[in-house]
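Only one structure is covered here, and it is reproduced in the block below.
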Protein chains: 2
Amino acid sequence: MRGRLRAAALELYAERGYDRTTTAEVAALAGVTERTYFRHFPDKREVVFDGEAALQASMTAAVAGAPELSLLGVLRHAFSSLASHGEDERDAQAHQHRVITATPELRERAAAKTVHLTEAVTDALERRGTPRHLGSLAAACGIEVLSRARREWLDGSSRSFAALLSDAFDDLDLLVRGGAQDALPPAQGVEQPLHRH
Amino acid sequence: MRGRLRAAALELYAERGYDRTTTAEVAALAGVTERTYFRHFPDKREVVFDGEAALQASMTAAVAGAPELSLLGVLRHAFSSLASHGEDERDAQAHQHRVITATPELRERAAAKTVHLTEAVTDALERRGTPRHLGSLAAACGIEVLSRARREWLDGSSRSFAALLSDAFDDLDLLVRGGAQDALPPAQGVEQPLHRH
DNA sequence: GTCTATACTGAGATAGAC
DNA sequence: GTCTATCTCAGTATAGAC
């Protein structure tokens with residue numbers, strides 16, 4: 001039922017727009033009443049994100065199970081182990097992503113989800129012994145790396161998600177290792193491996 | 001008027017709770033009608049964040065005006081130049097922060113604001129010549145550093161905001177420079193300057 | 001400033017699974 | 001019988017249209 005409601009919502013939000021769609025219409029398309037919709041989802045936005053709790057669970061599990069590495073190494077390892085997406089999944093996720101980016105209310109909810117995910121990763125790192133004041137920074141960096149890779153992947157990159165993720169982590173390493181100088185003009189003799197694409 | 005509405009909202013949201021407060025009550029306490037409230041703010045949440053656009057503007061201006069440094073150096077310099085807060089401001093901001101953290105709806109809006117701020121910083125970096133795929137990572141890291149410092153500051157730390165901010169940036173440097181090893185057990189001979197507090 | 005659509009909530013009734 | 005899912009009905013408050 002949740003799946004039916006989610007499919008109905010994505011369809012209507014996409015073709016008619018989020019704010020020109022009522023919850024009653026979503027429910028009707030799924031074959032239930034509005035009240036039933038609200039038994040399954042707390043509000044009009046949450047349908048679109050159904051199933052993301054599972055993603056968060058597997059992510060924290062991957063962090064917990066990663067071998068001993070540097071802090072960012074743990075995240076790189078954990079996120080890479082989840083990067084086995086197929087092309088069919090990509091189409092569905094790209095559709096979801098289009099609906100979300102087209103709708104301020106859904107973007108807001110997505111931002112909240114990202115914060116929540118970051119806190120979950122911070123907690124998972126803490127359980128491995130990483131102090132919070134470092135873990136929160138690592139988690140925020142790691143999640144942004146993941147977001148960027150996902151953005152590029154959904155954008156239609158010809159490269160695999162795993163490759164995009166690895167590149168993004170490499171850029172993060174660059175960032176603090178001192179390689180990423182500011183531009184204009186090219187800094188003091190240091191080569192700038194900034195542009196890869 | 002916006003200030004009166006904001007003060008009224010923060011007072012009622014704090015003492016009675018956000019969802020037990022109606023916009024009509026907020027308006028009444030500020031001495032206007034509900035309609036007038038919605039002339040100044042687009043929804044029930046936005047009052048709490050009145051004035052944050054100015055913060056974003058001064059932040060992007062500081063990024064634009066920072067000297068040539070490493071990527072994170074630019075953000076460190078820019079954010080530090082804004083770190084002149086007094087104790088009176090701290091009390092007011094701590095009160096706002098308490099109301100926000102107590103209310104899911106307001107936390108969600110805050111998350112959206114953070115995303116927006118991060119994008120603004122990314123844009124400001126791009127105008128300096130930083131390619132987006134690096135700038136977005138740097139901005140996300142920098143904003144998280146800023147958030148952590150602010151959190152500690154509002155939490156009642158005896159140290160100055162500038163000092164907390166500097167420490168947080170130092171931790172970020174540690175993160176990728178290889179200093180931040182995972183814990184349990186202590187890694188191969190490398191000293192671990194993890195715990196400072 | 002008035003009016004209305006609609007997101008959301010609560011209580012109670014019904015129906016089917018077990 | 002209990003438990004769970006759904007529907008019906010009656011509201012309130014936000015937000016937007018006029």
Side-chain angles (χ1 to χ4, degrees), chain A residues 1-54 96 99-113 116, chain B residues 1-53 96 99-100 102-113 116:
Chain A
M1 168 79 334
R2 294 170 78 96
R4 297 234 321 259
L5 283 165
R6 185 179 129 91
L10 280 173
E11 184 181 331
L12 291 176
Y13 292 175
E15 86 182 21
R16 197 181 305 186
Y18 174 85
D19 43 12
R20 289 184 198 280
T21 304
T22 68
T23 54
E25 288 167 339
V26 171
L29 183 57
V32 295
T33 67
E34 191 182 11
R35 197 67 183 85
T36 298
Y37 170 93
F38 282 105
R39 281 183 48 77
H40 290 281
F41 301 102
D43 57 44
K44 188 180 174 183
R45 304 168 186 183
E46 197 65 18
V47 229
V48 174
F49 301 92
D50 187 41
E52 304 229 334
Q96 179 209 27
V99 172
I100 292 173
T101 50
T103 313
E105 287 94 330
L106 296 178
R107 268 186 276 135
E108 190 167 4
R109 177 60 52 86
K113 297 268 179 203
H116 196 244
Chain B
M1 169 60 18
R2 294 169 76 94
R4 296 238 319 262
L5 282 165
R6 180 170 188 273
L10 280 173
E11 184 182 330
L12 290 176
Y13 291 175
E15 85 183 22
R16 196 181 306 186
Y18 174 85
D19 43 10
R20 289 184 198 279
T21 305
T22 68
T23 53
E25 288 167 340
V26 172
L29 183 57
V32 295
T33 67
E34 192 179 10
R35 183 69 180 83
T36 300
Y37 171 93
F38 281 107
R39 275 177 16 88
H40 289 281
F41 300 102
D43 59 42
K44 187 178 175 183
R45 305 171 186 185
E46 197 65 19
V47 230
V48 175
F49 301 92
D50 189 41
E52 304 229 333
Q96 179 209 26
V99 172
I100 292 173
T103 313
E105 288 96 328
L106 297 178
R107 269 187 275 137
E108 189 167 6
R109 177 60 52 87
K113 298 267 180 205
H116 196 245

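Note on naming: letters A, B, ... go to the chains in the order of the sequence lines (proteins, then strands), and numbering restarts at 1 for each one.
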What is the distance, rounded to the nearest whole Å, between atom CG of A/Leu5 and atom C1' of D/dT6?
12 Å
What does the list of N/O pairs under 3.5 Å between the protein and nucleotides 16-18 of chain D look like, with a distance for each?
{"from": "D/dA17", "atom 1": "N6", "to": "B/Arg35", "atom 2": "NE", "distance (Å)": "3.3"}

Nearest to the A/Arg39 side chain among C/dC8, D/dT14, D/dA5, which nucleotide is it?
D/dA5
Contact summary for A/Leu106 and A/Phe49, nearest pair of heavy atoms:
O-CZ, 3.5 Å
For residues 26-37 of chain A, pull every pair meeting side-chain hydrogen bond (donor to acceptor under 3.5 Å, both in side chains), keeping only residues two or more places apart or in separate chains.
A/Thr23-A/Glu34, A/Thr33-A/Thr36
Distance, rounded to the nearest Å, where B/Asp43 contributes CG and D/dT14 contributes P:
11 Å
So which one's nearest nucleotide on DNA chain C is more toward 5', B/Thr36 or A/Tyr37?
B/Thr36
Would you say A/His40 reaches D/dT6's phosphate, i.e. side-chain N/O to OP1/OP2 under 4.0 Å?
yes
Can you list everything that forms a side chain to side chain contact (heavy atoms under 4.5 Å, CB included) with A/Thr21? Sequence neighbours excluded, please.
A/Leu12, A/Tyr13, A/Arg16, A/Glu25, A/Val26
Suppose the criterion is salt bridge (Lys or Arg N to Asp or Glu O under 4.0 Å): which pairs have a residue in residues 38-48 of chain A, not counting sequence neighbours?
A/Asp43-A/Arg109, A/Arg45-B/Glu108, A/Glu46-A/Arg109, A/Glu46-A/Lys113
A/Phe41 CZ - D/dA5 C1' separation (whole Å):
15 Å
Side chain to side chain, A/His40 and A/Arg4, heavy atoms closer than 4.5 Å:
no
With sequence neighbours excluded, what pairs up with A/Ala14 under the side chain to side chain contact (heavy atoms under 4.5 Å, CB included) test?
A/His95, A/Val99
Length of the line joining A/Lys44:NZ and C/dT6:P, which is rounded to integer Å
9 Å
Under 4.0 Å from any atom of DNA chain D, heavy atoms only: list the residues of residues 17-26 of chain A that qualify, in numerical order.
none
Protein-nucleotide distance (B/Arg16, atom CZ; D/dA13, atom C1'), rounded to Å
14 Å
When rounded to whole Å, the CE to C1' distance for the pair A/Met1 and D/dT4 reads 15 Å
Within this structure, what is the CD-to-P distance between A/Glu105 and C/dT6, rounded to whole angstrom?
15 Å
Sequence neighbours excluded, the answer for salt bridge (Lys or Arg N to Asp or Glu O under 4.0 Å) partners of B/Asp50 is B/Arg2
Atom of B/Val32, atom of B/Met1 and distance for their closest heavy-atom approach:
CG1-SD, 3.6 Å
Could you tell me whether A/His116 atom NE2 has more than 12 heavy atoms of other residues or ligands within 6.0 Å of it?
no
